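The structure presented is a predicted model; accordingly, all values stated were derived computationally and were not measured. So you know, we letter chains A, B, ... as the sequences are listed, proteins then strands, and number each from 1.
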Amino acid sequence: ACGGGGSESTVGDDGGGGGGSNGVVKIGGIFDETGATGDVGAPYADGARSYVEYINSQGGIDGVNIELISEDYAYDISRAQQIYQSLRDRHDVSAIIGWGTGDTEALRSQIIADQIPYFSGSLSENLKDTGSESGFNYLVAASYSDQGRAVLEWIRENHEGDFPVTLALVYEKGNPFSESPMQDIKDYAAEQMDGEIEIVNDILIELSDNDPLTTLQAYERNQGQPDYAITQYTWGQTRNVVRDAHNLEWNTQFIGLNWAGGEGIVPSGADNQQWVEALDGFMATITHAFPYEDLPGMEPILQYLESKGRSIEDDDVNQKFVQGWVTMSIFGEAIRIALEDYSPDEIDGVVMKEAIEQIDDLDLGGLAANVSFSPDNHAGTDRLRLGQLRDGQWEIIQDYFGISDYQ
Amino acid sequence: MGFLLQMIITGVVVGSIYALVALGFVLIYRASGALNLANGEFVLIGSYICLTLVAVYQIPFIFAFLLTLVFNVLLGMIVERVVLRPLINAPTISVIMATIGLSSLLAGFAHMIWGYQTQSYPPVFPSTPIRMGEIIISPVYLWSFIIVIIMLILFGLLFKYSKLGLAMRAVADDQMAASSVGISVKNVYLITWGFASLVAAVGGVLLGNINGVDATMATIGLTVLPVVILGGLDSILGAIVAGFLVGIIQNLTAGYLEPILGGGLKEVIPFIIVTLILMIKPHGLFGKGGIERV
Amino acid sequence: MRNPFVMECGNYKTNYSKDMHLFRIPRVKLRIFIIVLLLFLLPLFTSNYVIGLATLCAIASIGAIGLNILTGFTGQISVGVGAFLAIGGYTSAILTSILGWSFWISLPLAGLVTAIVGGIFGIPSLRLKGLYLAIATLAAQFIVLWAIGRFSGLTGGGEGMVLQRPSIGSFTFSSQTSYYYLCLVILLLVTIYTLNLFRAKTGRAFLAVHHRDVAAQIMGIHLLKYKVVAFALSSFIVGIGGALLAHYTMIVTVELYSIDVSIQYLAMILVGGLGSVFGSILGAIFITLLPVALGYMIEFLTVYMPNAYSLLNSFQEFVFGLVIILFLIFEPGGLIHIWNNIKTYLRLWPFSY
Amino acid sequence: MNKIMEIKNISLQFGGVKALNDVSFHINEGEIFSIIGPNGAGKTSMLNCISGLYKPSEGEIHYKGKNILPMKPHQRTKLGIARAFQNIALFGSMSVLDNLKLGRHTLMKSGFIKSGIYWGAAEKEEVQHRRKVEEVIDFLQLQDIRHTPVDKLPYGLQKRVEVGRALALDPELILLDEPMAGMNASEKEEMSRFILDMLELKNITVVLIEHDLEVVMGLSNHLVVLDFGKQIGFGTPKEVQQNPDVIKAYIGEELTI
Amino acid sequence: MLRINNVEVVYNKSILAIRGVSLEVPDGKIVALLGSNGAGKSTTLKAISGLLKQEGGAITEGTIEFEKEQIHGMDPDKIVEKGIFQCIEGRRVFTHLTVEENLLTGAYTRKDRKNIPDDIERVYHYFPKLKMLRKKLSGLLSGGEQQMLAIGRGIMARPKILLLDEPSLGIAPLLVKEIFENIKQINTEEGTSILVVEQNANIALSIADYAYVLENGRIVMQGSVDKLLSDESVKAAYLGFDKKEKGDIREVKSYKKIKRFV
Ligand SMILES: Nc1ncnc2c1ncn2[C@@H]1O[C@H](COP(=O)(O)OP(=O)(O)OP(=O)(O)O)[C@@H](O)[C@H]1O
Ligand SMILES: Nc1ncnc2c1ncn2[C@@H]1O[C@H](COP(=O)(O)OP(=O)(O)OP(=O)(O)O)[C@@H](O)[C@H]1O
Ligand SMILES: [Mg+2]
Ligand SMILES: [Mg+2]
């Protein structure tokens, strides 16, 4: 890194768990475990940490341990800024695993200046950019926009009934995360779906609006019910919107992107029958696997959990856990590549970037779609699955597919 | 017409929750002249307590609810004793700041115990909405409406027929003079915080029934601020009326304005309205202003 | 830079002038001089990390002084600092990135634009008092952020806008140290300005408005004018802080300026001391560094409780609240009061009165 | 003698209550003029009308021949009308010096730019006005407490600072609302001297509200007597003391001096 | 019944306001406390009623005894319950409460609630003006009206001992006379002991049995009213202008320095 902070006296406590290591590579983590998105952020952070513990307990990567130095920024962007400075200057990390749209955006310029590759939980299309604006960001799963485009393709192929179908976008205008894919989806529909999918007026509901009912009602009055609706919220608000549409007896098929998928959308507790009912039939894009799926990539996770006395029955081992684990494991792969040419202490941000960009069709054991990067491609994949809630459980109804299949 | 009516009726019922939470603010303001920015956290904790009693300890809802009230009253009193009492003679803004600290403290406490995942509330009220012609109301909201009315009457009577109401206003007005006539500022604080916390618990239980409980529930504290101000910080009636009013305005906005002007207005509109109304009535609709004579 | 405190020496003409110096006692003057000197020498003996934190502290101090002018000195509670920081940041972003203007022009303009918006939001202050006014500023917070999100053509909407570090000729303030110096110098100017302000006419009028506005009126103080000026002046400084922050992070997005930010700034001036310039700085440092300190604490604890991340994180939140409360209980006058008490104690020692 | 101020048919209402009811009198330049009357008669309200805090529903107030009713309070201050309040309205945590300097607010020119830069114009101005303020300090004998925050002072001294603040303005007309309340006899005497000196040394016309009849009758050139908002007497102390309405409403038989 | 022994009060841990004040209010008597501005009269009263704490003051030495019981350190509300009621200086009415509500606060600690309406009438009888203003917010009252209200609050409390801090402040002369007559009446009819701080020494001494003079935080003189009245220095400082100068204040040419005892 160019920060010049390598010589400082404050060095993090060295070495993670396992013995016999001959060096460490430091990765920084900026997670939200207690903030606004803590419900999904905490398992994600847990997954990322677990991967590191696991890999170190296996003797590291070619004998080199990963040290993950992470802090909870509680979705407070100024805190994220401080943590970033600490990771850069105090710990001199080679790469960072980040979280929300807010912190990722806020650090976008700095990581370029500091040359630190950054994997974010946020999958905004603009992070694909390989140029000067986000040149050190990488997308480890299909971008929100690609997810939305894929959903359009899926609807075109699977819709039973007449065309054109109507589709509404449900999001908060002005919210970086929520609004992120919407223009791209509209453009795609206009260019590719003419006469088949008609995007009708947006349904704008703020993330903090606890009572979307009237907005939906008003919408119905002016526009009628759409056939499909794509939402871009996290669990809580998706749930409220779908529930209220259910109460209004809408026949719309709601499809949530990325963060709407996953177990937590149905509130836990024995008394959740009302929610199970209201959410029945809800669909979401699934970028990462559920822990209960029988996949080769689950082996290490199960092994790790067992070593810790935990199991996938635990509430906190869920799809977001897998997502954190997988994201971190891509760094693991990059380190492996880097170690072919460099010694551990030579691995800085630039080397990491070089290594990441050599990743080619990395098999993630079914936990997620294979990823590839190159200097002019920072989007690891465009592939995803679709899941549907039936009786409170997610069922995969469409195996991996991606927007590139259609071009 | 049916649509307009629907918007107004949903406005009223949603507003009843606002009114309830706003009531908590008004109580604290009346006794200490300060905003309790930890009100949302009291709501959150009340909600969690009731949930835990029902879900974990399998206590029938009605008893769990009553126990929750008791618990929250105690919580409010403990908070007063430990945090607010030492600040009795401090400037208002310090008290407000203390409640900000308190909100962080209570939130941390709630998170440590209950985590972040949304938990479903036991279905106390039927979840299928009641339909009357075109009009749809969730039973929860209907109940909250009824409960708000009961609370209004209860507190109205309390203030009318006990010395407490007078003592609270005296304390808020001039603590030194209040002590001089034999009002125990400490006791007034203690009781007020107990009541405010109780009201918050009721709000928490109702809200839990609507959207489930998770950490984000505490934001209701902020959402409801325009309501409190609109009604007038020291007016119980104001809190109730403004609660309904803001509910209705929000719904009318969602129903009529947003389709034209674009979304998101619903959340900002209370602030715009409040600012405008304050320009005409600087102490809200029912608030008593400061009196300055020379 | 010529040291401003030196300028003052030997400049007095009468006794009164001397009596009215910023620091009446030479010893105090010396002490301040040494502190400033140390701040300038800081980069020589600390790491980049510390300099980075110091930069954040300096920027926060600028904002806190701005807020204190309005809330601490003039008594108009504002919970809309976040919005004004945003206006400063976005103005500079638009001027430098879209229009391609120099940072050195955009910085004062960012202050100016913020001052104008602040002044407009200050107009209700003639009729609104106390918490009612606070809500009007809270409304500013929501409305401004809403507008920034909405006018995405100008502001980049959710994506925000990218900015560059400033430069003079071929020199760019891209290193930690250089940007630290930039912020430090501006903080110094702001500090001196504010200290001066409050020993002369305008500042006194602000204080008068704070205490009793009816009496102030009879002293010939035009209430609306002074309240609006207080809003504008405070916003100007906050806007400068916002622009500095924006050029430091090199990006602006709405999420940087949430209501939490406004509350943090309020916490700074309360913990530091209402109506005190040095208090603002102490408070800004305290509130900026408290999470860092708590972060260290968690880091330390995780060594012993490696599996308790989420618990510890909530614990951090808990402790943050606790510290603020303890502070208010044991020192409602703020850090500046502790500092003054220590001084009084030392001066009077060994006699207690 | 020149009339410095003329009050013409002033009425003022609060709700249904007439706090002032068709009051008319005039104040001559260079005299001590007193307003007396029972509690709640409308004396303070009268001053509030003069200084612009209350807007009378009817009538006119002329200051040096000019109707000042349309003017804002701060504008009237600029004309040289200063005031000390009945309920002390000092700026609590500020020092005596700063309170007095505030009195000179309208006489100072530097705005927020010059104030903030200070060195140069503002400093010069501050020093120059400090000199004036010190005169007031000497005049009212406040030397010892110059730097004391006023809320730490006992009631009586606060009253004196209150008067000082009004004096600092270099007014032509000063309105004093019960400046001697809470003082004992000798302190009152001292304050009386100050008031006389104001007139004699600084040629300031004084409007005084005071309940101590000895003081009032001794000091005033003319008085107006209010009762329930109505003017029941106007004239020299002698005339007023013989007015039966005044005796009945205010002075009382035994207290007649 | 009330005895203060050698009390010393310090404000903000640094300002010594009174030092070694001792005084006594016998059962059923009226005691006057005189002294110039800043002498510490109000401080003495606040020390008795327990209100000092709220002003950042503390009793650092000495004891306060009421009916043989130590009341020093008790909370103010407990002290009021014991029967000591202070009408604090500077009126301090509850500005947002109406006149009648203010009177009700005066009776806050009373147990015999059914007598309260009668007492309100009694206050209105003493101060008819208040009756007219009963529904008005007291913050809007004139200075004198507020002062009547403050005294009225004291009457409502029916204390065993009433501490009055400058009751004549801002009151018109006719009414001052009446108020003091009323105070005397309360004292004789109800046996209420009274400790009155007053600048208007003439009127205070006219009803008092005993008086103390406080200067610079010390009691410098005490004695029966007759004794004080005959003291030249007291006369000069507290009882007004020399009679022959009456009406001729203007003729007083030289500054008469306030006579201080210390
Ligand atoms: N809250 C306070 N903090 C600090 N000092 C105080 C405070 N209150 C009073 N004092 C000081 O204590 C001394 C006695 O004041 P006190 O108010 O008792 O005087 P007093 O005799 O009642 O005078 P007055 O007749 O003016 O009311 C004064 O010197 C005053 O400055
Ligand atoms: N702002 C107001 N609102 C309502 N009533 C008011 C207001 N100001 C004054 N009054 C009423 O007007 C009457 C006259 O009040 P004012 O203060 O002028 O009396 P005053 O002559 O100064 O009496 P005092 O000698 O007691 O100070 C009082 O009855 C008072 O209650
Ligand atoms: Mg008056
Ligand atoms: Mg006193």
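The parts of C/Leu256 that come within reach of chain A are both its backbone and its side chain, each placing non-hydrogen atoms under 4.5 angstrom from that chain. In this structure, no portion of C/Tyr257 lies under 4.5 Å from any heavy atom of chain A. When heavy atoms are compared at a cutoff of 4.5 Å, A/Glu71 approaches chain C solely by way of its side chain, counted from C-beta outward. At a 4.5 Å heavy-atom cutoff, the contact between C/Gln316 and chain A is made by side-chain atoms alone. Interface remark: C/Thr249 contributes backbone and side-chain atoms alike to the contact with chain A (heavy atom separation under 4.5 Å). With a 4.5 Å cut-off on non-hydrogen atoms, A/Tyr75 touches chain C through its side chain but not through its backbone. Contacts between C/Val292 and chain A at a heavy-atom distance below 4.5 Å involve backbone atoms as well as side-chain atoms. Heavy atoms of C/Thr288 lying under 4.5 Å from chain A belong to its backbone as well as its side chain.
Among the candidates A/Ser180, A/Ser86, A/Ser78, the residue making the largest number of heavy-atom pairs closer than 4.5 Å to chain C is A/Ser86. Of the residues considered (C/Met250, C/Gln164, C/Glu255, C/Arg165), C/Glu255 shows the highest number of contacts with chain A, using heavy-atom pairs under 4.5 Å.
Applying the salt bridge (charged side-chain N to carboxylate O under 4.0 Å, His left out) rule to A/Glu125 yields the partners A/Lys128, A/Arg149; only residues at least two apart in sequence or on another chain are considered. Under the ring-ring contact (aromatic ring centres under 6.0 Å, His included) criterion, A/Tyr51 pairs with A/Trp325, not counting sequence neighbours.
Counting non-hydrogen atoms of neighbouring residues, nucleotides and ligands closer than 6.0 angstrom, the CZ atom of C/Phe300 reaches no more than 12 such neighbours.
By the 4.5 Å heavy-atom criterion applied to side chains, C/Ser258 and A/Ile77 are not counted as neighbours. Between A/Glu105 and C/Met161, every side-chain heavy-atom pair lies at or beyond the 4.5 Å cut-off. For the pair C/Asn48 and A/Gln85, the minimum side-chain heavy-atom distance is 4.5 Å or more.
Nearest heavy-atom pair across A/Gln82 and C/Tyr49 is O-CE1, 4.4 Å. Counting all heavy atoms, side chain and backbone alike, A/Ser109 lies closest to C/Val162 at OG-CG1, 3.3 Å. Here the closest heavy-atom approach between residue C/Pro291 and residue A/Arg79 is recorded as O-NH2, 3.3 Å.
Listed for the A/Arg108 side chain is no donor-acceptor partner under 3.5 Å among the backbone atoms of C/Ile251.
Rounded to the nearest 0.5 Å, atoms OG (C/Ser47) and CG (A/Asp92) are 11.5 Å apart.
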Please lay out, stage by stage, how A/Gln81 and C/Leu245 fare under the test side chain to side chain contact (heavy atoms under 4.5 Å, CB included).
CA-CA 11 Å; A/Gln81 171 69 33; C/Leu245 185 64; 5.9 Å; no
